[in-house]
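Worksheet: one structure, shown below.
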Amino acid sequence: MLKKLRRTVIRLLKEGNITELDKRELIDLIKESQAIAIKVNGVLKDLSALDSINPHDTLEIVSQNSPEGLEILRHSTAHVMAHAVKELFPDVKVTIGPAIEDGFYYDFDRESSFTEEELRKIEKKMQEIIKARKPFIRREISKEEAIKLFENLGEDYKIEIINEIEDDKVSIYEEGGFVDLCRGPHIPHTGMIKAFKILNVAGAYWRGDEKNKMLQRIYGTAFPSKEELEAYLRFLEEIKKRDHRRLGKQLRLFDISDEIGAGLIIWLPNGAVVRKVIEDFWKDEHLKAGYQLLYTPHIAKLELWNKSGHLDFYRENMFAPMSVDEVAYQLKPMNCPFHIQVYKSELRSYRDLPLRFAELGTVYRYERSGVLHGLLRVRGFTQDDAHIFCTEENLEEEIQKVLDFTIFILSTFGFDNYEIYISTRPEKYVGTLKNWDRATNALEQALKERNLPYQIDPGEGVFYGPKIDIKIKDVLNRAWQCSTIQVDFNIPERFDITYRGKDGYEHRPIMIHRALMGSLERFMGVLIEHYAGAFPTWLSPVQAVIMTISEKHINYAENIYKKLRDEGLRVKLDRENEKIGYKIRQATLDKIPYMLIIGDKEAEGGRITVRLRSGENLELIELEKFIELVKKEIKERKNIKEVPK
RNA sequence: GCCACCAUAGCUCAGCGGGUAGAGCAGCUGAUUUGUAAUCAGCGGGUCGGGGGUUCGAAUCCCUUUGGUGGCUCCA
């Protein structure tokens, strides 16, 4: 259909003379093709703009299945929602309502929030508006006219927006009597909204500034078809099921206790095992990669943080200092000053560089209570931190090494898709332009050489140097910010660290901060959601559970238990006086990878029956063979893609 | 921090407009000796997050406090 449409359009344009008849033909075609808008010379316009195209314009059809079309559909749905709200609650003032990644929102000024009941009413009213198939009508009017219009309507926020628009003219859209200031474009009529849903409400400041008034935001989403909407709602369900807070409780991985404090994690035995395995892996690999491991204290004199500059630029994220023998001490928000001290503990020569200091350093940062979130946003966490001290000449090579190392670590956990960003020099910065260019170049070069696609975040670097941020994509294709590689020109200067060069003079080393997983807490949270709690065997808190058919098999089961434990496997013996079905259910809910079932058959032949958490059964197998298989799986850190229900 | 909502047994939750608490699971005890996602029975367990107020009477209404949840410019 679209092809036919394009052909027609091309023909019409080539002929250079569009008759009324052709236009009608065109419009029919567009209707049939589910077009939602058009692009004239690359500019998005309403479908109605078709009436005013010129023979030499380029024309593109925007269907509601394209990203742009979907955005328009959602934006129009936001208008319909505002319309419904105004009809139901005439005193409410409308503000803005854009389309966002997975839907749309609209912010309203109203004293109280919207209740569930009111949301359902709004949805119902929206249905009515949609059913009425009201056309969206665009009008361009002068600013004065617009101000008058919205003054009459009592829409102060719109007036504020109009006053900030630079053009003399603004556009308004009207649909079923509801007028809104809007750039557009919009769908031709409200009847084109086939599937939408109001999702939730939240407070939001006018223009996101907490000094402004708190508005009531309603979130919703819309799709071209009911099927797509339902698929999206199922996706939301899946996210809920994988929520690390829920799984963390269910699998007894971690806890956050009111009595201990908000944003502070306690690791329960199950979670502690997973963390230990990750830490061991991390340390081993760092040693192999030429890092040296460090341990540093959790507090230090406040003066250290003054010298490092953290007091100037990081104070609001730091816990309040404490007084020890009348000297102020500070809980550490970062590890770098300590690593600097390690550097300074000896005289360094160019022969020593690069020096790579790594530490699983626990830091404490003050986060506002409202932003805390499970393991993902906390007040105390352990960074998998390292600082690399190198010369200018080393810089590029070191960055490449870090990049390779990062990819290796991340892919071990099954993260093979990344979004990579380079943040360049901000307005306020330290260091020389030459150094910034050189470092930014080194970051870019490293990514290019590894064929890793990246985007530039202009001016988003930290004041002390440019950086690479890596977001990993989990199985649900959600992006999580974990890894960061930052060049720092500031701290070496502040602490006046040097090395003796070949030339016999003192030089200033460059420092790279880097974290691969970011924080262990956060990374664990991501892992839990990524694996839906079903850790691959090498990470699983319990790797195998032995269960007997009846109590008479306990002796044999104990033998197996001892053997497996001696082999270094994390194994549990289920001695409960229950039927096998019950034990299987428990182990399955605990997402334990292997269930070893022991009955008469097995006891006789010195074998075991293995059931996987997916429900699949392996053949009756020799114990030795099983041990061999599992040990191999663990050694290879095999990633299981299976997702048990 | 701000707005809204929430907090009842170890866990998940029910307790409609105020009349001093219930279920399932888990736990314990006993019976059962079991072959692939819940065997049966009995028992114990909560001053309803903390504090204050209204009331003859508060899990329920009000205030306050702590914690949690969804959000807080992807700009008409």
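We name chains A, B, ... by the order of the sequence lines, and we start the count at 1 in each one. The figures that follow rest on heavy atoms only: side chains count, while hydrogens, waters and symmetry mates do not. All figures in this text were calculated on a predicted structure; none of them were measured in a lab.
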When all nucleic acid strands are considered with a 4.0 Å heavy-atom cut-off, which category describes [X]: base, sugar-phosphate, or nothing?
X	answer
A/Gly370	base
A/Ala204	sugar-phosphate
A/Gly103	nothing
A/Tyr219	sugar-phosphate
A/Asn617	base

Could you tell me whether [X] and [Y] have a side-chain N and a carboxylate O separated by less than 4.0 Å?
X	Y	answer
A/Glu164	A/Arg207	yes
A/Glu87	A/Lys125	yes
A/Glu616	A/Arg611	no

All N/O contacts under 3.5 Å from nucleotides 43-45 of chain B to the protein, with atom names and distances to one decimal?
none

Closest-nucleotide mapping onto RNA chain B: is A/His553 or A/Ile161 further toward the 5' terminus? I mean the 5' end.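 Residue closer to the 5' terminus by nearest nucleotide: A/His553.
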Polar atom pairs between nucleotides 5-12 of chain B and protein, under 3.5 Å, N or O only, would you list them?
residue: B/rU12; atom: OP1; partner: A/Lys249; partner atom: NZ; Å: 3.4

Centres of the A/Phe223 and A/Phe196 rings: under 6.0 Å?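 Distance test on ring centres: not under 6.0 Å, no.
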What parts of residues 207-214 of chain A reach RNA chain B, counting only heavy atoms under 4.0 Å away?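 Close to the strand are A/Arg207, A/Gly208, A/Met214.
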